[in-house]
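Only one structure is covered here, and it is reproduced in the block below.
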Amino acid sequence: MLRFSTDPLANPFYYLDYLDYLLDFVACRYQKLLHPREQEYLINFQYLPKDARALYARLLQRKGNYFRVDRLEYREIEDLDRAIEDLIAQQFLSSIKGQRPDLDVRLRTKAELAKLGALEALNLKKASRGEIDEAVLLKNYPLPFLPIIQLERVGLFELCQYLFFGNRHQNISEFITADLGIFRYETVDLESAQAFDDRSLVDACRLVDHMRGWAALLDKESRKLNRDPDTERTTALAAGLRTLTAMVPVPEDTRNSLLLRGLDKLHLALGQVHERLGLIPEALSCYQHTERAPARERCARLLLKQNQYPEARVVCEQILQHSVDPHERAYASRQLSGPKRTGEASETRRFTTERLILALTEGPSVEQQVINYLSSQNQLAQHTENHLYPGLFGLFFWDIIFAPIAGAFHHPFTRQPADLFEPDFVRCRSDLFRLRFDELSSSRFRAATLAQNWHAKKGLSNPFVAWHSLELDTLEYVVDHTPWPALKAIFERLLSQLQTFRSGFPDLLCMTAEGYRLIEVKGPGDRLQSHQTAWLNFLADLGIPTTVMHIEALIETSGKSG
DNA sequence: ACCTAGCACGCACCA
DNA sequence: TCCCTCGGCG
DNA sequence: TGGTGCGTGCTACGCCGAGGG
Ligand SMILES: [Mn+2]
Ligand SMILES: [Mn+2]
């Protein structure tokens, strides 16, 4: 693995080691994807003095692009002014000199503005921060010079980061949290690892990511406008939404799943905002660009709203034919089964249902209170929910999940292979899976693999294994008390669509000497969700005792009235 | 994949 | 005055 | 009354301190 030290005493420039590693990694593997100008800037950067590179690395990790020089305090950087000069000379920083009066206000604290008399002069003693910024700027209140620098070339470093991680949310701090052991990652083979091999694809992915960011902003704005309406802002939002929607690219290379996944989510997000604004036809056309759930369901609902019954019916039939998403399927079958009658569920329930009256208290969760109750009845229960069978899956198939398939891993901080939730994840590893299923039919192999991987991998990130909420004993107990055909069927269902079927498992595992049962707790007002019903039925069909426990609050009859 | 995903909860609306 | 959020940090 | 739809909030490293209310 990587040899780093995050100890600032022993290695004051530890964070620069990380940036250097990342840039070097990118320069080696992605040189062909970088434009000549970009390569040039990266070389210039590496030739800068250490202080300058360190300052840049520090600022790159901070929020925003503008910084007050008088507020910079980094002990390891000996000559700050020199570092700033060097960075400015190579255009990695620029100096803001009076061109941005808004920054002169925004980067000062309220206390500072008060001391300068701005608040008193403009009657802003009780104003909020936002009002102050606006008013001081508007009134052009004279403020003394404030040295401010602007971070430049941010886009280039974002590009490098994107090439390294293959996503927008991981950054240099991964190096630190990993080195400190806060997150631990499986070691993966990075010999020929490349996240991208085509610049236009990188640009497309980054564009889609940016657009999703804007879509998220519009989403937030539309929620706000739903709460307190404002016609002017609604018009502006609709215009922005139209513009953004018109900009959505049509992918040239439809084989790249990273891009397609981003586009799917973008279409869904835009459709939802349109819906919230009541722009039904526009929402429909967004949803029609993707088959990712719940796009088809939203289509059906909107068509119904427009009284286009035959069209809605067709979409529902498509859902039942092509979608595995339990929510979509439940909706579609409800619609197609005609006018609903009470008590008639779309899918017959094969699990049992119980009622339990408890004196519910404030603090602990309903699930915990049921565990306490069961414990008072001498029954041992744990809140395992989505961690039990997926956890077993993760441990039994660990080496297959992290198998060195081409393109699956491209940096050292990988939680999961890039194609984990793609439809052909299993197909690309079909021999491995076939063999493993064979091996697992031996109870001895199951026991050995479970314990072995538990100890060998303990603490390493795996999307299916929640180390903190599980114990080996519990897993061994469940493996011992589940017939292999049932376990196999659960794994196969999981594998049929990992993203969809990794959730919806019952809350509690309740263990006795003879065997276990699974309990989904439903507090007052809580209801079964479609994917929960689907798993409950599936598990019950396998002969695993499965119960929904509806909790009713014990009403206190004595005490104060009212 | 914290620029998410899964879960519970609360309220409105309907027959 | 306290309390809360958020950003910086290892 | 139960069945729905839909919005919200919580939680994910944890500590510390500045800033704001
Ligand atoms: Mn639950
Ligand atoms: Mn529950």
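This structure is a prediction, so every number in the text was calculated from the model and none was measured. Chain identifiers are assigned alphabetically (A, B, ...) following the order of the sequence lines, protein sequences preceding nucleic acid strands; residue numbering begins at 1 within each chain.
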Between the base of dT4(D) and the side chain of R334(A), is one N or O donor paired with an acceptor at under 3.5 angstrom? no
Going by an N to O cut-off under 4.0 Å, is there a salt bridge joining K522(A) and E520(A)? yes
Is N386(A) touching bases, backbone alone, or none of the nucleic acid, heavy atoms closer than 4.0 Å? sugar-phosphate
Look at the side chain of V366(A) and decide which nucleotide, out of dC9(B), dC13(D), dC11(B), has an atom nearest to it. dC9(B)
Separation of the C1' atoms in dG8(C) and dC10(D), to the nearest angstrom: 24 Å
Taken to the nearest whole Å, CD/E221(A) to C1'/dG7(D) is 17 Å
Report yes if the distance between the aromatic ring centroids of F413(A) and F183(A) is under 6.0 Å, otherwise no. no
Using atom CD1 of I519(A) as one end and atom P of dC7(B) as the other, report the distance to the nearest whole Å. 17 Å
Gap in Å between the two P atoms, one belonging to dT5(C) and one to dT11(D), rounded: 11 Å
Heavy atoms under 4.0 Å, any strand shown: does D219(A) hit a base, just sugar-phosphate, or nothing? nothing
Nucleotide of dT8(D), dC13(D), dG5(D) approaching R227(A) most closely (side-chain heavy atoms): dT8(D)
Check: Y309(A)/N307(A) side-chain N/O donor and acceptor closer than 3.5 Å: yes
Kindly check if the number of other-residue, nucleotide or ligand heavy atoms within 6.0 Å of CD (E76(A)) is above 12? yes
Could you pull out the protein-nucleic contacts involving nucleotides 4-8 of chain C (nitrogen or oxygen on both sides, under 3.5 Å)?
{"from": "dG7(C)", "atom 1": "OP1", "to": "K63(A)", "atom 2": "NZ", "distance (Å)": "2.5"}
{"from": "dG8(C)", "atom 1": "OP1", "to": "R62(A)", "atom 2": "NE", "distance (Å)": "3.3"}
{"from": "dG8(C)", "atom 1": "OP2", "to": "K63(A)", "atom 2": "N", "distance (Å)": "3.0"}

Expressed as a whole number of angstroms, how long is the span from Y185(A):OH to dC13(D):P? 10 Å
Over how many whole Å does the gap from Q499(A) atom CD to dG6(B) atom C1' extend? 11 Å
Short N/O separations, protein against nucleotides 19-21 of chain D, under 3.5 angstrom:
{"from": "dG19(D)", "atom 1": "OP1", "to": "R71(A)", "atom 2": "NH1", "distance (Å)": "3.0"}
{"from": "dG19(D)", "atom 1": "OP1", "to": "R71(A)", "atom 2": "NH2", "distance (Å)": "3.0"}
{"from": "dG20(D)", "atom 1": "OP1", "to": "R129(A)", "atom 2": "NH1", "distance (Å)": "2.6"}
{"from": "dG20(D)", "atom 1": "OP2", "to": "K110(A)", "atom 2": "N", "distance (Å)": "3.0"}
{"from": "dG21(D)", "atom 1": "OP1", "to": "R129(A)", "atom 2": "N", "distance (Å)": "3.1"}
{"from": "dG21(D)", "atom 1": "OP2", "to": "K110(A)", "atom 2": "NZ", "distance (Å)": "2.8"}

Candidate nucleotides dC9(B), dT8(D), dC7(B), ranked by approach to the side chain of Q532(A) - the nearest: dC7(B)
In whole angstroms, the gap separating P of dT4(B) from CG of L268(A) amounts to 12 Å
Greater than 12 external heavy atoms within 6.0 Å of E73(A)'s CD: no
dC6(C) and dC2(B), which share atom name C1', separated by this distance in whole Å: 15 Å
Classify the nucleic acid contact of G213(A) as base, sugar-phosphate or nothing, counting any heavy atom under 4.0 Å across all strands shown. base
Under 4.0 angstrom, heavy atoms only, what part of the nucleic acid is E367(A) near: base, sugar-phosphate, or nothing? sugar-phosphate
Base, sugar-phosphate or nothing for E520(A)? Non-hydrogen atoms, less than 4.0 Å. sugar-phosphate
Options dA8(B), dG5(D), dC2(B), nucleotide nearest the side-chain atoms of H169(A): dC2(B)
NA contact type, R301(A), heavy-atom cut-off 4.0 Å: base, sugar-phosphate, or nothing? sugar-phosphate
